[in-house]
Amino acid sequence: QVQLVESGGGVVQAGGSLRLSCEYSGRTVSNYDMGWFRQAPGKEREFVVAIRWNGRSTPYADSVKGRFTISRDNAKNTVYLQMNSLKPEDTAVYYCAADPLRLGKWDYWGQGTQVTVSS
């Protein structure tokens, strides 16, 4: 019974920046592992990056390495994805996911937020 709400998506020109937010709620929410995924039209869902309950992040997907940064504010029950130097190929629906038990399984997902990067 975990709920996640993404926000911050929109249309941006190539080279621009966006910051996505994911606010989550539920039992012991401050200790959830959280992750970001994305899916472009006609493509499979892609893992972007995740952040553990203690603030340690996983390696970033090669496609976003050096441009995206994940962070979290446990007091606000929010995880962020700062996206810089955006490219048209970053266009996708971005999803936030939660692993409440920290077992490596993404049990809960947000509704997604659309990011469109124009050239």
Whether Trp109 and Phe37 hold their rings parallel, tilted or perpendicular, with breakpoints at 30° and 60°: tilted

Worked verdict on Ser71 versus Gln82 for side-chain hydrogen bond (donor to acceptor under 3.5 Å, both in side chains): CA-CA 8 Å; Ser71 62; Gln82 178 67 46; over 6 Å; no

Backbone N/O of Ala40 and side chain of Arg45: donor-acceptor pair under 3.5 Å: no

Hydrophobic cluster identity match, Val48 and Tyr108, side-chain contacts under 4.5 Å: yes

Connected via hydrophobic side-chain network under 4.5 Å: Leu86 and Tyr80: no

Enclosure of Glu89 CD (heavy-atom neighbours >12, cutoff 6.0 Å): yes

Enclosure of Gln39 CD (heavy-atom neighbours >12, cutoff 6.0 Å): yes

Worked verdict on Asn84 versus Ser17 for side-chain hydrogen bond (donor to acceptor under 3.5 Å, both in side chains): CA-CA 4 Å; Asn84 299 326; Ser17 299; 2.9 Å; yes

Spacing of [atom1] belonging to [X] relative to [atom2] belonging to [Y], to within rounding of 0.5 Å:
X     : Y     : atom1 : atom2 : answer
Asn74 : Trp53 : CG    : CH2   : 9.5 Å
Arg72 : Ser21 : CZ    : OG    : 13.5 Å
Arg19 : Thr69 : CZ    : OG1   : 12.0 Å

Sidechain N-carboxylate O distance under 4.0 Å for Lys65, Asp62: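 Yes, charged N to carboxylate O under 4.0 Å.
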
Validation row: Leu101, Tyr32 side chains within 4.5 angstrom (heavy atoms): no

Side chain proximity check, Leu18 to Val117, heavy atoms < 4.5 angstrom: no

Option among Leu81, Thr113, Val79, Val5 that satisfies the side chain to side chain contact (heavy atoms under 4.5 Å, CB included) test with Cys22: Val79

Under 3.5 Å side-chain donor-acceptor pair for Tyr94 and Arg38: yes

